[in-house]
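Taking it in order: structure first as structure tokens, then the write-up.
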Amino acid sequence: MSLFSQVRFIDPISPAMLEMIQFHDFAWVLMLFVLGVVFSCFLVTSVIPPLFTNKYHENQVLEVVWLICPIFLLGALALPSLRLLYRMEEVNDPLVTLKVVGHQWYWSYSYEDCGEEKEFNSYIIPMSELEVGAPRLLEVDHRVVLPYLSEVRVLVTAADVLHRWTVPSLGVKVDAVPGRLNQLGFRSLKSGAYYGQCSELCGVNHSFMPICLEFVR
């Protein structure tokens, strides 16, 4: 769960979120490298402009290097990014299929492959009924219980307006669109309760649509 004044990402619990954080750090390193090179060139041309202009003015080798380097940098960003996008869209042999339906302003869930279908609604717990230590505006009356270290497929749709099912710790965010079924998959590496919220402006009580997933052994 994220905390006030937190600077870095929330603690990841899925392989996809781990890779997203690693890619973010890698992109930052490349960006700082490019800024360092540009700033160094600026200093050189400012301090000793005659020497620089006489030696490198209309230098074809330098122009070729200046063209090729950005191509390699863009490739270094594109390849891991495309790999990560492909991995996030891939769902391999799920153990559990969870259907999520967004309503104004609560979520309904159903386990689709458990013999007989089990369906329930999940509402926010009012502040007056919260237990001591429970997170405000995030705790629900019925948690979604899922196995950890297992592949889970989630089918997301909406019954009225646009919603967005978001769990930051898993690195998942998917639109809930009326009349359309979106799919995502994830695998939790840790047990425990993890929270999310609707991240699409869906009406006056948009802020009161929390999500709580409990991963058990």
Is any side-chain heavy atom of [X] less than 4.5 Å from a side-chain heavy atom of [Y]?
X: H103; Y: M209; answer: no
X: L84; Y: M20; answer: yes
X: L98; Y: V144; answer: yes
X: F208; Y: L137; answer: yes
X: P178; Y: R180; answer: no
X: L82; Y: Y86; answer: no
X: I211; Y: Y109; answer: yes
X: W107; Y: V100; answer: yes

### Distance-only polar pair, side chains of S199 and Q197, donor-acceptor under 3.5 Å
no

#### Entry: W105 side chain vs C202 backbone, donor-acceptor pair below 3.5 Å
yes

### Query
So, S188 side chain and K190 main chain: donor-acceptor pair closer than 3.5 Å or not?
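Between the backbone of K190 and the side chain of S188 there is a qualifying donor-acceptor contact (under 3.5 Å).
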
Would you compute the distance between atom [atom1] of [X] and atom [atom2] of [Y] and round it to the nearest 0.5 angstrom?
X: L146; Y: R187; atom1: CG; atom2: CZ; result: 14.0 Å
X: I13; Y: L170; atom1: CD1; atom2: CG; result: 4.0 Å
X: Y148; Y: R217; atom1: OH; atom2: CZ; result: 4.0 Å
X: H206; Y: L162; atom1: NE2; atom2: CG; result: 12.0 Å
X: K173; Y: C198; atom1: NZ; atom2: SG; result: 10.5 Å
X: L155; Y: L181; atom1: CG; atom2: CG; result: 5.0 Å

Would a hydrophobic clustering, with Ile, Leu, Val, Met, Phe, Trp and Tyr connected at side-chain separations under 4.5 Å, put [X] with [Y]?
X: V91; Y: L95; result: no
X: L77; Y: V38; result: yes
X: W28; Y: L35; result: yes
X: L149; Y: V172; result: yes
X: V156; Y: V101; result: no

### Heavy atoms of other groups near F120 CZ, more than 12 under 6.0 Å
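Counting neighbours around CZ of F120, more than 12 heavy atoms of other residues, nucleotides or ligands fall under 6.0 Å, so yes.
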
Who are the salt bridge (charged side-chain N to carboxylate O under 4.0 Å, His left out) partners of [X], not counting sequence neighbours?
X: D160; result: none
X: R87; result: E19
X: R164; result: D175, E200

[X] versus [Y], closest heavy-atom pair with distance:
X: R136; Y: L130; value: CA-CD1, 3.9 Å
X: P12; Y: L18; value: CG-CD2, 3.4 Å
X: E151; Y: D93; value: CB-O, 4.0 Å
X: C212; Y: L138; value: CB-O, 4.4 Å
X: R143; Y: Y195; value: NH2-OH, 3.2 Å
X: P147; Y: V152; value: O-CG2, 4.4 Å

### Task
Scan residues 22-46 for pairs that pass salt bridge (charged side-chain N to carboxylate O under 4.0 Å, His left out), counting only residues two or more places apart or in two chains.
R8-D25

### Message
Among residues at least two apart in sequence or on other chains, which ones pass ring pair (Phe, Tyr, Trp, His ring centres under 6.0 Å) with Y123?
### Response
Y106

### Query
How would you list, by chain and number, every residue that makes a ring pair (Phe, Tyr, Trp, His ring centres under 6.0 Å) with F23, sequence neighbours excluded?
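Applying ring pair (Phe, Tyr, Trp, His ring centres under 6.0 Å) to F23 gives none.
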
### Message
Once you measure the plane-to-plane angle for W165 and F186, does it fall in the parallel (<30°), tilted (30-60°) or perpendicular (>60°) bin?
### Response
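Ring orientation, 0 to 90° scale: parallel.
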
